[in-house]
Each structure stands twice: as structure tokens, then as C-alpha cells.
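The structure appears below as C-alpha cells.
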Amino acid sequence: MTDYRVVDAMTRQVIYLPAETTLEEAARVMRDADIGDVVVTDGANLAGILTDRDIVIRAVAENSDPTATTIGSVITREVVMIEQFCTAGEAASLMRERGIRRILVCDNERKLVGIVSLGDLAMQLDPTSALSEISEQSPTV
């Protein structure tokens, strides 16, 4: 696991949405881009990350109106970052330690350059694993 770096597994295309975006719009963006997360901004500042799980747990389960509820009200504000040249093992350990499935990836100047998920690590490290196979599949509608 130590041979691979986060940069080798991360997703480079990061989608940003302002905190004022409705849940409905964010869900459409995530569906259309076939992703499970977006980075949320408050003006020029990073406000947090919104995951598909955040939408389900903090909005759907609470009966929030997806056309009126903003993503800023349900995001995960505590953002965890890792430097792009850290090892995949360090990323996996950080995920395990923090109980998270995604980490924002930064360069040495702390500029956001990607996102790495547990599925990304699985696909890079063991393409034959069940998690890798599940992560690789696009959902069918």
C-alpha cells in the first residue's frame, strides 16, 4: 500500500457549489456528474463538503424540502485534508481514524487539487476487491 500516493488514486475533477444551492439542484449535479460529493463554498471560502450520505441523513430523513433547503444547512463542515504526495496507506489510516470515506486533497500550498475516496483507494490498490468492483460501477436508473 505504501508504493501508491494519493495523487495516483484521487479524482482531479472537483465540483464546487455555493452554500445557497438547493438540495434538489445539488442532487441533480451529483447525478449528472456521477459523483457522490461536491465541495461547498461560501463566497471565496471553503465551507465544507456535501456527500450523498449528508443529503440522506441530514435532509431526507428529516423531511426537509429539497427545493427550499440549501446545501449549506446540511454539509459536513469539518473538512479533512491530506497532501497529494502522502501514501495511500496514510490516507486509508486517516479515513479509518476519522471514520470518513472521503478526504480533500491539497498541494504543498494547501490548494485543493482533488478528492480521494475509499473507493478510489480500493480501485488503485486492489482492482479485484469487492469494494473496487462496486466503486467502479455506475449506478443504473
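Along the sequence shown, residues are numbered consecutively beginning with 1.
Residues Met30 and Ile55 meet the side-chain proximity criterion, which asks for heavy atoms closer than 4.5 Å. With contacts defined as side-chain heavy-atom distances shorter than 4.5 Å, the pair Glu90/Ser93 does not qualify. Contact annotation: the side chain of Ile103 approaches that of Leu94 to within less than 4.5 Å [non-hydrogen atoms, C-beta and beyond]. You'll find the side chain of Ile115 reaches within 4.5 Å of the side chain of Val39, heavy atoms only. Ser117 has its side chain out of reach of Arg101: every pair of non-hydrogen atoms, C-beta onward, lies at least 4.5 Å apart. Residues Arg5 and Thr87 have side chains in contact (heavy-atom distance under 4.5 Å, counting atoms from C-beta outward). In this structure the side chain of Val7 never reaches within 4.5 angstrom of the side chain of Val105, judged on heavy atoms. Between Val116 and Met95, some side-chain heavy-atom pair lies under the 4.5 Å cut-off.
The hydrophobic clustering, which links ILVMFWY residues whose side-chain heavy atoms are closer than 4.5 Å, places Val60 and Ile49 apart. Ile82 and Leu112 fall into different hydrophobic clusters, where Ile, Leu, Val, Met, Phe, Trp and Tyr are joined by side-chain heavy atoms under 4.5 Å apart, directly or via other members. There is a path of hydrophobic side-chain contacts, each under 4.5 Å, that joins Leu50 to Val29. In the hydrophobic clustering of ILVMFWY residues, with side-chain heavy atoms under 4.5 Å counting as a link, Ile35 and Leu118 come out apart. Tyr4 and Val113 fall within the same hydrophobic cluster, where Ile, Leu, Val, Met, Phe, Trp and Tyr residues are linked whenever their side-chain heavy atoms come under 4.5 Å apart, directly or through other members.
For the pair Leu17 and Thr21, the tightest heavy-atom approach, listed with the atom from each and the gap, is CB-OG1, 3.8 Å. Closest of all the heavy-atom pairs between Val74 and Ala59 is CG1-CB, 4.2 Å. When all heavy atoms of Ala33 and Ile15 are compared, the pair lying nearest together is CB-CD1, 3.6 Å. Considering every non-hydrogen atom in both Val6 and Ala91, the closest pair reads CG2-CB, 3.8 Å. Smallest separation of non-hydrogen atoms from Ala9 and Leu121: CB-CD2, 4.1 Å.
The CE atom of Met81 lies 11.5 Å from the SG atom of Cys86; values are rounded to the nearest 0.5 Å. Distance check: Leu46 CG to Thr41 OG1 gives 8.0 Å after rounding to the nearest 0.5 Å. Here the straight-line distance linking atom OG1 of Thr67 with atom CD of Glu25 works out to 12.0 Å at 0.5 Å rounding. Remark: Thr69 OG1 to Ile71 CD1 distance equals 11.5 Å, nearest 0.5 Å.
Screening Val38, Ile57, Asp37 for a side chain to side chain contact (heavy atoms under 4.5 Å, CB included) with Thr51, the sole residue that qualifies is Asp37.
Comment: Lys111 does not engage Asp107 in a salt bridge, judged by the lack of any side-chain N to carboxylate O separation of less than 4.0 angstrom. Between Arg58 and Glu62 there is no salt bridge, since no side-chain N of the basic residue sits under 4.0 Å from a carboxylate O of the acidic one.
With hydrogens and angles ignored, the 3.5 Å screen pairs a side-chain donor or acceptor of Arg77 with a backbone N or O of Gly72.
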